[in-house]
Amino acid sequence: MEAAAHRTATHCPYCALQCGQWISPSGEVDARAVYVKEDSPSGVGGMCQKGWTSSALLTHPHRLTSPLVRPSRGAGFVETDWGSALSRVATKLAALRAEHGPDSVAVFGAGGLTNEKAYLLGKFARVALGTSQIDYNGRFCMSSAAAAGNRAFGVDRGMPFPVTDLDDAELVVLAGANVAETMPPLMAHLAAARLVVIDPRRTPTADRAIASGGLHLAPRPGTDLALALGMLHAAVVDGHVDPSYVDDRTTGFDDVWRVVSQWWPERAERVCGVAATDMRTVVRWLAGTRRRYVLTARGVEQHAHGVDTVTAWINLSLALGLPGRPGSGFGTITGQGNGQGGREHGQKSDQLPGYRHITDPAARAHVASVWGVPEPSIPGPGRSAVELLDALGRPGGPKALLVFGSNVLVSAPDAQAVAERLDALDLLVVADVLPGETASRADVLLPVAQWAEEEGTMTNLEGRVLRRRRAVAPPPGVRTDLEVISGLAAALGAPGEFPSDPRTVFDELRRASSGGIADYTGVSYARLDAGEALHWPCPAEGHPGTPRLFTDRFAHPDGRARMVPVDHVGPDEDVDADYPLRLTTGRVLVHYQSGAQTRRVTELAATAPEVFVEVHPDTAARHGLADGDLADVTSRRGTTTARVRCVPSLRPDTVFLPFHFGGPGAANNVTNPALDPVSRMPEFKVAAVKLEAAAPAAADRTRTTTSLPAHP
Ligand SMILES: Nc1nc2c(c(=O)[nH]1)N[C@H]1C(S)=C(S)[C@@H](COP(=O)(O)OP(=O)(O)OC[C@H]3O[C@@H](n4cnc5c(=O)[nH]c(N)nc54)[C@H](O)[C@@H]3O)O[C@H]1N2
Ligand SMILES: Nc1nc2c(c(=O)[nH]1)N[C@H]1C(S)=C(S)[C@@H](COP(=O)(O)OP(=O)(O)OC[C@H]3O[C@@H](n4cnc5c(=O)[nH]c(N)nc54)[C@H](O)[C@@H]3O)O[C@H]1N2
Ligand code: SF4
Ligand SMILES: [Mo]
């Protein structure tokens, strides 16, 4: 291993597990030199196929290497230099602001951006643009669990304990999480545990549950709240509640019981389809096991009542005494690479750095002092992601949008409506690595560096801050996101500082976060580079960080967790005679999110080349469909054309689409943009649909689902 001395330790570009990687220094990354880092920060010691093949992105022939602008709407792109591109953007933004006010310009960020980028983008929106209109794709991702965690525990750190604590677990309940496909190396931490998987589909994770001597519970999509209420009822009636924990560490049990007392398991069974006996069994296991965890993910969150659904799982966990007890816990599995850090530093519409609320006068004063601007100049809260996209180009809505790190045309709900809104803009600016669907529609497309070409920090699913390191130089002509934001701020003549050096930005972020909930004051590049494992809060230089939260107290002023009464309501859109099936959506192992990156990686695209719809064989037969046929899945909003995959283990009332494909194969052509009232997260996981054989021409249309533009 002669390259060992030169190789660079960094972390995977994709999900929140942030597996360690070694990358060789040669201009082109040698796939063979991408090693698993022995002391992988997540303690995992492995990567999935996406991580192993990620080096293909570095030298990809479709890589954007020059700023592109359209001379006019509808015209093709022409290459330009950075100075011209940035000044063109700045001139248009300044004109819009002068004519229509600062909120006529909007910004859309992402949970894949480093902490430094998320921080600088939030500051850029508030200080350089003066707009309240900034939000990010984290609304699509973990916002319901974040809101539920804040409400119950007073703080939102997805996993309030290190991932390695799971190694000793005897029982783990995974509610709406398909970890075997979405974070395969995490399964190694669950190897010793009996698993209970709650998922309408029999996923590879559900197979592992059955093999572990556990259970797979398959509720109807959108009914988990009823299931959790039924289980809490069983816990109370069967005598499994931990009374001293409830007395000492929580408030609100009596109010919760007033609702739960109406949800005996047999009633819950009628709603969710899970056998009451299975509910009682899982509760008995949870109560009778010493080291036990409940973990939730997108399956229970991406609903119009996702906050309440996660709350119901938290209530059950509190009643059984899990959170904060050694060897036990409740957690939520964060999704994007920096999904955790991305929601702490102020790219969310209602938030300032340090997980502070933008309407809190003390928070505003503190951040204004760090930014060197008058407090009243910081705008108030703006629109949430789906509402922001829906307002684009409408009277009173933003007329320009800047996108950093999201492919909204594929990943936002009701894709056709999103396309119409983007077309109604005066200016769409996208900073991206590759020409995905959204980037290809931009008026100005700015080519940026990616993970292995830049420095920064990411905060992984356990709240641990990790260093992203530059292993190779970006292609000539490419800038980092920080350089782009900094350059735009300069072109706009913005007040305040907009440094492009990641360490300088991080040091400012630390000061801005100081005294906040997500306090990074004591986290420094020097400490991280010295190998320290630092979980926030880390409020001072010598502070060891906080790997485990809630061991003594919860983050509310009285130190107690709040049990909040919640009741089952059901999905926003129910099935009827016209749309008789419930569609749910999610992920496959080899593709990441909108597929903007993974659809271009040869090995991954070969494994999962096109969109498919999972259908029970009886349901398929009733619709005259067989395995391999093309079907149209249609909702009140649109149609997705997909290859039928007959899955005997699936519920006959449910169909499933992965959302990694664009065009006619985009799952989000059909999804429901209904929002949770608290988190404003859309209902990606339930829509009422019908199934039909696709018209013959659809064969051609489907082919387009896998082809991404090479040159926009
Ligand atoms: N391979 C891969 N891995 C990824 C990603 C990726 O795109 N691809 N993305 C990353 C990101 S950003 C995220 S957020 C995570 C997501 O990780 P997960 O939450 O594990 O992924 P999903 O497939 O969205 O949803 C999990 C499961 O929820 C089930 N489900 C659907 N509806 C319901 C319901 O009503 N109730 C219940 N209980 N379950 C339901 C689905 O069948 C699915 O198997 O994955 C991360 N890792
Ligand atoms: N139907 C359905 N829809 C869903 C979901 C679902 O389960 N079902 N899940 C939702 C969830 S959980 C999520 S997280 C979203 C994610 O969906 P998106 O927000 O679309 O996320 P990505 O596909 O990861 O898009 C990232 C884009 O940014 C680019 N990029 C990568 N790194 C950088 C960088 O450092 N800087 C810049 N400027 N660009 C970069 C990539 O090339 C890509 O074009 O999708 C949501 N949509
Ligand atoms: S599990 Fe996530 S972080 Fe690890 S290699 Fe796969 S995509 Fe990358
Ligand atoms: Mo996500």
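Because the structure is a prediction, the values reported are computed rather than measured. Any value given below was found using the heavy atoms of this structure, including those in side chains, with hydrogens, waters and symmetry copies removed. Read the numbers this way: they start at 1 and go in the same order the structure lists the ligands and their atoms.
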- Query: Distance under 6.0 Å and angle within 45° of the ring axis: does Arg201 meet both against Phe656?
  - Reply: yes
Checklist entry - Heavy atoms, side chains only, cut-off 4.5 Å: are Val465 and His535 in contact? => result no
Under a 3.5 Å threshold, yes or no: a donor from one side chain and an acceptor from the other, between Thr309 and Asp224? no
The atoms of ligand 1 lying under 4.0 Å from a heavy atom of Val588, numbered in the order shown, are 1 (N), 2 (C), 8 (N)
Candidates Ala206, Gly176, Pro200; heavy atom nearest atom 40 (C) of ligand 1 found on Pro200
message = Under 4.0 Å, counting heavy atoms only: does Thr598 come that close to any atom of ligand 1?
response = no
Please check whether Gly222 reaches ligand 1 - meaning an N/O of the residue sits under 3.5 Å from an N/O of the ligand, judged on distance alone.
yes
Heteroatom distance test (Gly586, ligand 1): nitrogen or oxygen, under 3.5 angstrom: no
* Going by distance only, is there an N or O of Thr182 that falls short of 3.5 Å from an N or O of ligand 1? -> yes
Counting from 1 in the order shown, the ligand 1 atoms closer than 4.0 Å to a non-hydrogen atom of Thr203 are 44 (O)
re atom 34 (C) of ligand 1, the protein heavy-atom contact at minimum distance is Gly299 O, 3.1 Å
Within 4.0 Å of some non-hydrogen atom of Val300, the atoms of ligand 1 are 38 (N)
the protein heavy atom lying closest to atom 7 (O) of ligand 1 turns out to be Gln593 N, 2.6 Å
Check your understanding: Does Met142 come within less than 4.0 angstrom of ligand 1, counting non-hydrogen atoms of the residue?
Key -> no
- Message: Would Ile198 count as being in polar contact with ligand 1, using the rule that some N or O on each side must be under 3.5 angstrom apart?
- Response: yes
Exercise for the section: May I ask you to test the Gln593-Asn407 pair for a side-chain heavy-atom distance under 4.5 Å? Expected result: no
Item to check | Side-chain touch Leu322/Tyr293, heavy atoms, less than 4.5 angstrom | outcome: no
Note: ligand 1 atoms sitting under 4.0 Å from heavy atoms of Ala297 are 19 (O)
for atom 2 (C) of ligand 1, nearest protein heavy atom and its distance come out as His591 O, 3.4 Å
Worksheet entry | Close N or O approach (Tyr592, ligand 1; < 3.5 Å) | no
Partner of Arg582 under side chain to side chain donor-acceptor pair (under 3.5 Å), picked from Asp653, Thr223, Asp574, is Asp574
### Message
Measuring only between side-chain heavy atoms, which start at C-beta, is Arg587 closer than 4.5 Å to His660?
### Response
yes
Checking heavy-atom distances from atom 11 (C) of ligand 1 to each of Gly335, Cys141, Cys15, the winner is Gly335
Note: ligand 1 atoms sitting under 4.0 Å from heavy atoms of Arg201 are 41 (C), 42 (O), 43 (C), 44 (O)
Could you tell me whether Ala175 and ligand 1 have an N or O pair separated by under 3.5 Å?
no
### Query
Looking only at N/O atoms, are Glu181 and ligand 1 under 3.5 Å apart anywhere?
yes
Discussion item. Please tell me whether Gln21 and Trp451 have a donor and an acceptor in their side chains that are separated by less than 3.5 angstrom.
Written reply: yes
Discussion item. I'd like to check Ile314 versus Ser317 (side-chain heavy atoms, cut-off strictly below 4.5 Å). Are they in contact?
Written reply: no
- Can you check whether Ala452's main-chain N or O pairs, donor with acceptor, with Arg470's side chain at less than 3.5 Å? no
Atom 44 (O) of ligand 1: closest protein heavy atom, distance to 0.1 Å, is Asp199 OD2, 2.6 Å
Practice prompt. Output yes when the distance from some N or O of ligand 1 to some N or O of Lys50 is under 3.5 Å, and no in every other case.
Written response: yes
*Establish, yes or no, whether a centroid distance under 6.0 Å links the rings of Phe108 and Tyr136.*
no
What I want to know is whether Arg587 and ligand 1 share at least one N or O pair that is separated by under 3.5 angstrom. yes
Taking the side chain as C-beta and beyond, is there a heavy-atom pair between Arg280 and Trp285 under 4.5 Å? no
re atom 14 (S) of ligand 1, the protein heavy-atom contact at minimum distance is Arg298 NH1, 2.9 Å
Quiz item: Heavy-atom distance under 4.5 Å between the side chains of Met681 and Arg139, does that happen here?
Solution: no
Check: Do Val294 and Leu286 touch side chain to side chain, with heavy atoms closer than 4.5 Å?
Finding: yes
| query | Does any N or O atom in Lys685 lie less than 3.5 angstrom from one in ligand 1, N or O only? | reply | yes
In this structure, CG of Leu320 is separated from CG of Leu232 (nearest 0.5 Å) by 7.5 Å
Q) Are the charged groups of Glu610 and Arg599 less than 4.0 angstrom apart, N to O? A) no
Numbered in order shown, the ligand 1 atoms found under 4.0 Å of a heavy atom of Ala177 are 20 (O)
The expected count of protein N/O/S atoms at less than 2.8 Å from atom 4 (Fe) of ligand 3 is 1
Within 4.0 Å of some non-hydrogen atom of His303, the atoms of ligand 1 are 34 (C), 35 (O)
Heavy-atom proximity to atom 37 (C) of ligand 1 ranks first, among Asp224, Asn178, Thr584, Val590, for Asp224
message = Set out, in order, the CA-CA distance, both residues' side-chain angles and the distance that settles ring-ring contact (aromatic ring centres under 6.0 Å, His included) for Tyr355 and His345, then state yes or no.
response = CA-CA 6 Å; Tyr355 221 124; His345 311 303; 9.2 Å; no
Salt bridge (charged side-chain N to carboxylate O under 4.0 Å, His left out) with Arg636: of Asp414, Asp572, Asp576, only one passes, and it is Asp576
Rounded to the nearest 0.5 Å, the CG atom of Asp156 sits from the CD atom of Glu344 at a distance of 7.5 Å
